[in-house]
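Provided herewith is a single structure, encoded as structure tokens, for subsequent inquiry.
Proteins come first, then strands; the chains are lettered A, B, ... in the order of their sequence lines, and each starts at number 1.
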Protein chains: 4
Amino acid sequence: MAGSVNKVILVGNVGKDPEIRRTQDGRPIANLSIATSDTWRDKATGERKEKTEWHRVVVFSEPLCKVIEQYVKKGAKLYIEGALQTRKWTDQSGAEKYSTEVVIQGFNGALTMLDGAGGGRGASVGMQESGADYGSDGGFGSSNSGSGSSGGGDTRRVAKTGAPKGGFDKAIDDEIPF
Amino acid sequence: MAGSVNKVILVGNVGKDPEIRRTQDGRPIANLSIATSDTWRDKATGERKEKTEWHRVVVFSEPLCKVIEQYVKKGAKLYIEGALQTRKWTDQSGAEKYSTEVVIQGFNGALTMLDGAGGGRGASVGMQESGADYGSDGGFGSSNSGSGSSGGGDTRRVAKTGAPKGGFDKAIDDEIPF
Amino acid sequence: MAGSVNKVILVGNVGKDPEIRRTQDGRPIANLSIATSDTWRDKATGERKEKTEWHRVVVFSEPLCKVIEQYVKKGAKLYIEGALQTRKWTDQSGAEKYSTEVVIQGFNGALTMLDGAGGGRGASVGMQESGADYGSDGGFGSSNSGSGSSGGGDTRRVAKTGAPKGGFDKAIDDEIPF
Amino acid sequence: MAGSVNKVILVGNVGKDPEIRRTQDGRPIANLSIATSDTWRDKATGERKEKTEWHRVVVFSEPLCKVIEQYVKKGAKLYIEGALQTRKWTDQSGAEKYSTEVVIQGFNGALTMLDGAGGGRGASVGMQESGADYGSDGGFGSSNSGSGSSGGGDTRRVAKTGAPKGGFDKAIDDEIPF
DNA sequence: TTTT
DNA sequence: TTTT
């Protein structure tokens with residue numbers, strides 16, 4: 001099709017520790033459950049309502065999976081950018097099922113940790129630098145960091161190599177106008 | 001949850017004429033099938049591959065439904081901004097099913113026509129203006145067009161009103177797989 | 001123009017306390033400085049590099065301005081959704097200047113607080129409910145929550161404490177459908 | 001910074017033919033002027049208002065620059081995904097100036113052609129496949145298509161025929177501020 | 001079921 | 001001016 005876009009942007013919390021599986025040829029696949037929540041006031045009753053939506057996120061990216069495995073825990077708040085994908089499968093009883101997921105694949109999409117620690121625990125962790133430049137803007141390159149820290153490395157890095165990014169002229173390495 | 005975001009952005013083509021239903025209390029609900037397509041080159045064979053993804057879009061907004069009813073036809077290219085929502089329902093055989101949809105509701109989201117006419121026909125159409133200042137960003141205020149036009153208004157209108165947000169009605173708890 | 005979209009999505013930290021001004025007819029306008037940061041590894045030297053980008057965000061929305069005035073402080077992490085707008089102005093010396101800003105206006109855009117407190121202070125605050133549901137998805141309607149509360153009780157909170165940051169409530173540890 | 005996102009999404013028309021420059025070491029840089037337009041009805045007078053916003057887009061990506069050079073012409077409708085960046089520079093009179101641009105760099109961002117032809121001319125063109133799979137989501141991987149083609153045949157095309165669909169108005173051929 |  |  002001439003020109004299509006399929007993008008999902010989520011900011012939400014991880015509902016349980018991620019699951020990492022492997023394909024037959026050894027590549028890792030991470031599965032995340034992300035909750036977003038919508039709140040509103042019921043017009044009639046005036047009650048405060050809240051509805052949580054659960055999103056299944058699947059990550060096909062070796063470096064991202066490493067990061068997830070090490071630092072993403074239940075409770076973590078993440079920024080996720082991926083694409084919608086619906087899979088058809090057959091359950092044990094032979095019934096056809098459909099499952100729609102948010103897929104992060106290759107250089108598409110992003111996963112950024114938005115809180116200081118993997119899950120509110122407070123530990124600050126360091127993130128491996130991957131050789132691959134797996135981030136899109138708003139992705140790992142612009143993600144990360146750590147905080148408070150404890151025992152280990154005080155940093156939680158999400159790095160990004162690969163490209164002479166930021167290779168814009170020195171000219172812009174300056175101040176701000178406001 | 002403190003601070004979540006649930007946003008889907010699609011640019012794709014309408015696969016068939018929209019379906020407009022009504023809730024028991026008369027509010028319209030539009031259903032759209034949007035196709036996005038991903039293409040790539042198979043590394044091994046060098047073949048050009050394409051995979052189409054179909055998205056079910058549900059619109060709970062009276063003015064938007066009017067626009068859709070009048071101008072959105074099979075083949076139209078649209079920009080869609082909505083939220084992911086998964087519904088659970090039971091099919092005729094009693095089996096539990098889940099259906100994930102992109103929902104445009106109230107002031108949330110947007111629907112913008114990206115081609116000159118509802119379906120490639122070429123007619124220039126006017127869109128109803130709503131009293132509310134419904135926005136600019138990716139919303140209707142910045143949508144569409146019109147020109148060329150014919151008899152009436154050479155207007156370029158689109159609408160969008162408010163709506164009982166969060167009000168996910170029973171009304172749409174019907175079937176899916178489209 | 002037929003179908004355009006102008007959208008900016010930022011997740012970053014507030015660089016200084018917001019400034020709230022008023023138009024001649026009394027409507028509030030909030031100005032925010034938001035920092036985003038890009039990090040990468042220098043290919044040659046292996047050094048870790050970081051570049052901060054500052055964004056000027058202008059909010060034309062009474063309810064949002066109230067929230068900002070009360071809860072957004074220097075250091076707060078925000079999700080911002082607005083539109084790009086460039087203004088031309090003349091400085092005191094008569095020179096023409098251009099300023100590009102991220103504008104949140106009316107029902108367009110969103111501002112969501114992503115950390116536990118307005119600025120790391122740790123107070124638990126209640127957010128006034130505005131009559132209007134001024135949130136777009138990913139906006140206030142879908143933002144957070146809070147608890148603890150005080151007098152009002154009926155509040156819809158956005159920011160709150162500092163402690164259980166990332167403190168993913170027990171409440172949602174339940175029934176994840178996958 | 002711990003987790004930041006800097007993303008701009010535009011759907012708009014190209015105001016003039018792109019300019020391609022080269023860095024000293026030979027890498028191409030493309031500059032595009034993109035117009036988005038906001039329309040609304042004046043509450044008081046009932047008049048229909050329109051405001052066009054011009055965006056300067058800068059592309060640091062060899063494959064993308066090739067595509068732009070060959071297929072993007074004045075009038076083309078594009079989907080752009082990049083990051084906000086403000087540069088400081090000094091004009092000929094020694095005055096300090098700031099310029100905010102939407103930057104597409106490396107694997108970050110996307111550029112997708114949304115209309116049938118590069119600029120309303122109507123030619124059917126083939127798009128070179130780049131060695132790199134530089135993105136699917138909203139990126140080139142999901143763009144494309146075409147037909148007609150020439151030599152290569154196996155090309156992955158983006159633009160193509162079509163009359164002056166999406167008729168880009170004369171109106172916006174004027175006064176582009178850059 | 002679209003689009004190329 | 002933020003954040004790590």
Side-chain angles (χ1 to χ4, degrees), chain A residues 1-4 112-117 124-127 142-149 153-159 175-178, chain B residues 10-19 31-39 48 50 52-56 72-78 114-115 119-120 177-178, chain C residues 10-19 31-39 48 50-56 72-78 114-115 119-120, chain D residues 1-4 112-117 124-127 142-149 155-162:
Chain A
M1 181 185 312
S4 66
T112 300
M113 300 181 75
L114 295 180
D115 48 13
S124 186
V125 294
M127 229 192 270
S142 65
S143 312
N144 75 93
S145 88
S147 62
S149 174
D154 57 355
T155 43
R156 175 212 293 175
R157 312 204 220 90
V158 168
E175 249 63 335
I176 323 294
F178 49 85
Chain B
L10 302 175
V11 173
N13 293 284
V14 177
K16 57 178 179 183
D17 286 348
E19 289 162 14
N31 282 273
L32 299 168
S33 279
I34 305 284
T36 56
S37 172
D38 200 3
T39 58
R48 182 168 163 278
E50 176 165 2
T52 294
E53 192 69 36
W54 287 96
H55 309 272
R56 183 175 179 82
V72 175
K73 303 296 176 202
K74 174 175 168 176
K77 183 179 287 276
L78 300 180
L114 295 180
D115 46 14
F178 45 92
Chain C
L10 302 176
V11 173
N13 293 285
V14 176
K16 57 179 179 181
D17 285 350
E19 291 162 14
N31 282 273
L32 299 168
S33 279
I34 305 284
T36 57
S37 170
D38 200 3
T39 58
R48 186 168 160 275
E50 175 165 2
K51 177 154 172 286
T52 294
E53 191 69 34
W54 287 96
H55 309 272
R56 182 174 180 84
V72 176
K73 302 298 177 200
K74 175 175 169 177
K77 183 178 288 275
L78 301 181
L114 296 179
D115 47 13
Chain D
M1 181 184 314
S4 68
T112 300
M113 299 180 74
L114 295 179
D115 48 12
S124 184
V125 293
M127 183 148 56
S142 66
S143 311
N144 78 94
S145 97
S147 59
S149 181
T155 48
R156 176 214 288 177
R157 296 176 275 65
V158 167
K160 46 341 128 73
T161 148

Practice task
State the OG-CG distance between B:Ser33 and B:Asn13, to the nearest 0.5 angstrom.
Solution key: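 Output value for this atom pair is 12.0 Å.
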
Problem - d(CG, C:Leu78; P, F:dT2) in whole Å - result: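 Checked: the CG to P distance equals 15 Å.
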
Exercise for the section: Report yes if the side chains of B:Leu78 and B:Ile34 come closer than 4.5 Å at any heavy-atom pair, otherwise no. Expected result: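 Answer yes - side chains close enough.
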
Problem - Side-chain-base donor-acceptor pair under 3.5 Å for C:Ser37 and F:dT3 - result: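 There is none.
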
Practice task
Report the nucleotide, chosen from E:dT4, F:dT2, E:dT2, that has the shortest atom-to-atom distance to any side-chain atom of B:Ala35.
Solution key: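 Within the option list, the nearest is E:dT2.
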
Practice task
For C:Lys77 and F:dT1, give me the distance from atom NZ to atom P, rounded to whole Å.
Solution key: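 Distance check: C:Lys77 NZ to F:dT1 P gives 20 Å.
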
Problem - Separation between CG of B:Asp38 and OG1 of B:Thr52, rounded to the nearest 0.5 Å - result: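 Spacing of CG (B:Asp38) from OG1 (B:Thr52) equals 9.5 Å.
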
Exercise for the section: Using atom CG of B:Asn13 as one end and atom P of E:dT2 as the other, report the distance to the nearest whole Å. Expected result: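 B:Asn13 atom CG is separated from E:dT2 atom P by 10 Å.
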
Problem - C:Arg48/C:Thr39 under side chain to side chain contact (heavy atoms under 4.5 Å, CB included): CA gap, chis, key distance, verdict - result: CA-CA 7 Å; C:Arg48 186 168 160 275; C:Thr39 58; 4.0 Å; yes

Problem - Between F:dT3 (C1') and C:Glu53 (CD): distance, integer Å - result: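 Interatomic distance, CD of C:Glu53 to C1' of F:dT3: 15 Å.
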
Practice task
Please state how far atom NZ in C:Lys16 lies from atom C1' in F:dT1, giving the value in whole angstrom units.
Solution key: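 In whole Å, F:dT1 C1' lies 7 Å from C:Lys16 NZ.
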
Problem - B:Trp54 CH2 - E:dT1 P separation (whole Å) - result: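 Going from CH2 in B:Trp54 over to P in E:dT1 covers 9 Å.
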
Handout entry: Interatomic distance, B:Arg56 CZ vs E:dT1 C1' [rounded to whole Å]
Key =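 Checked: the CZ to C1' distance equals 13 Å.
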
Practice task
Between E:dT1, E:dT2, E:dT4, spot the one nearest the side chain of B:Thr52, thanks.
Solution key: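 The answer is E:dT2, which lies nearest to the side chain.
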
Handout entry: Whole-Å gap separating C1' (F:dT1) and CD (C:Glu19)
Key =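 From C:Glu19 CD to F:dT1 C1': 11 Å.
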
Problem - Closest nucleotide among F:dT4, E:dT1, E:dT4 to the B:Lys74 side chain - result: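 It is E:dT1.
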
